[in-house]
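For the numbers below, each heavy atom of this structure counts, side chains included, while hydrogens, waters and symmetry mates do not. Along the sequence shown, residues carry numbers from 1.
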Amino acid sequence: GRLRLWPVGILAFLMMSMLPDALMAQRQHLDSLDLLHTELHLEVTDFSGETLSGVAMLEVRNREASVQTLPLMLYRGFQVSRVEVDSRSVVFARYGDSLVAPLPAKSAGDTHHIRIAYAGTPQRDAQWGGFYWREGYAFNLGVAFTEIPHPFGRSWYPAIDAFEERSQYAFHITTPKDKKAFLSGMPDSTTTDAQDRPVWHWSTRRPIPSYLVGIAVGPYTTREDAIERAHGPDLPIIHGVAAADTARYFGAFSKLKAGL
C-alpha cells in the first residue's frame with residue numbers, strides 16, 4: 001500500500017498525549033521554576049530489606065510571579081510521610097510517580113525551600129536503569145530504557161527528571177560500618193552518627209541533571225590518585241574497587257592513565 005505521511009502537528013499531538021501526567025506537569029513548569037540545589041540525607045543500611053529512608057531538601061526559584069505548585073517525580077513505591085515548604089507542613093498530592101506540593105505566592109526571583117521525608121523501596125527499570133541491590137552492593141544507573149521520562153533520578157529521590165534541568169547537589173549518606181559511599185562530585189568529609197555508623201558527605205561543584213546523579217555503596221577498597229595536567233592543578237581521583245578486583249583494575253587503569 002501507499003505510505004501515508006502524517007502531518008507533523010498531528011504526530012506531535014499524539015506523542016504528547018501519550019506522556020505521563022507527571023511528566024506533562026513538569027514540562028509545563030520548567031519555564032516558571034528553577035531548581036537550584038538538592039540535598040539528600042539518606043540511610044542506605046537496609047541491605048536485607050532493600051529499602052532507603054531519609055530526607056530530601058530542595059531550593060527552587062520562581063522564574064515568574066505567583067507560581068502555585070511544585071511538580072516533582074518520585075517512584076510510587078516510596079511512602080512520603082511529610083512535606084514542608086518554607087518550614088511549614090503542607091498537604092501534598094501523589095498520583096503515580098508524581099509528587100505535587102503547593103507553593104505560597106512569591107515574586108519572580110524569590111526562592112522556596114522544600115523538605116520531603118520519605119522511605120521505601122527504590123525502583124528498577126524493566127530492562128536497564130534505576131536502583132540495584134546486588135551481593136552486598138547498592139548503586140544506581142541514572143537513565144531508564146523503558147520508563148518515561150528516561151532521566152531516572154526519581155527511582156531513588158524526589159527529582160525534576162528533565163534532561164535540561166540542572167541542580168547543585170549535596171549528599172549525606174549513612175551506611176553500615178563495613179561499607180563506603182561514592183557519589184557524584186567530590187568528597188567533603190566523613191563523620192559518624194549516634195550509632196557509630198559512617199556518614200559520607202559529598203557535593204557537586206557544578207549543577208548537573210538528575211540522570212548524572214550517581215550513588216554506589218559497598219565494601220570498597222579505596223585509593224587516592226591524581227592525573228597530571230599540562231595546565232592547571234592535577235585532577236584528583238578516588239578509586240573505589242571491590243577487593244577481589246584491585247590488581248586487575250589498577251593494572252588496567254595504569255594503561256588508561258598513561259594515555260590521558
Next on the checklist: Could you check whether Asp188 pairs with Arg205 (Lys NZ or Arg NE/NH1/NH2 to Asp/Glu carboxylate O, under 4.0 Å)?
Outcome noted: yes
Checklist outcome for this item: Per side-chain contact (heavy atoms from CB on, under 4.5 Å), Val217 is matched among Trp133, Phe139, Phe47 by Phe47
Item to check | Test: Asp86 and Lys106 ion pair at under 4.0 Å | outcome: yes
Checklist entry - Hey, are the side chains of Phe250 and His239 touching, using non-hydrogen atoms and a 4.5 Å cut-off? => result yes
Checklist entry - Can the ring centres of Trp156 and Phe78 be said to be less than 6.0 Å apart? => result no
Next on the checklist: Just so I know, are the side chains of Leu36 and Thr111 near enough to count as touching, which here means a heavy-atom distance under 4.5 Å?
Outcome noted: yes
Checklist entry - Got His112 and Leu70 here, is their nearest side-chain heavy-atom distance under 4.5 Å? => result no
Next on the checklist: Between Tyr132 and Tyr137, does the ring-ring contact (aromatic ring centres under 6.0 Å, His included) criterion hold? Intermediate values first, please.
Outcome noted: CA-CA 8 Å; Tyr132 293 78; Tyr137 292 84; over 10 Å; no
Checklist outcome for this item: Closest non-hydrogen atoms of Ala216 and Tyr220, given as atom of the first, atom of the second and distance, are CB-OH, 3.5 Å
Checklist entry - With side chains defined as the heavy atoms from C-beta onward, is the minimum distance between Pro151 and Phe163 less than 4.5 Å? => result yes
Checklist entry - Is any NZ, NE, NH1 or NH2 atom of the basic residue among Asp110 and Arg61 found under 4.0 Å from an Asp or Glu carboxylate oxygen of the other? => result no
Checklist entry - Does the side-chain contact (heavy atoms from CB on, under 4.5 Å) test come out yes or no for Asp97 and Leu74, once each step is laid out? => result CA-CA 5 Å; Asp97 289 344; Leu74 178 66; over 6 Å; no
Next on the checklist: Tell me if the centroids of the rings in Trp202 and Phe171 come within less than 6.0 Å of each other.
Outcome noted: no
Checklist entry - So, do Glu224 and Thr222 sit near enough that their side-chain heavy atoms are less than 4.5 Å apart? => result no
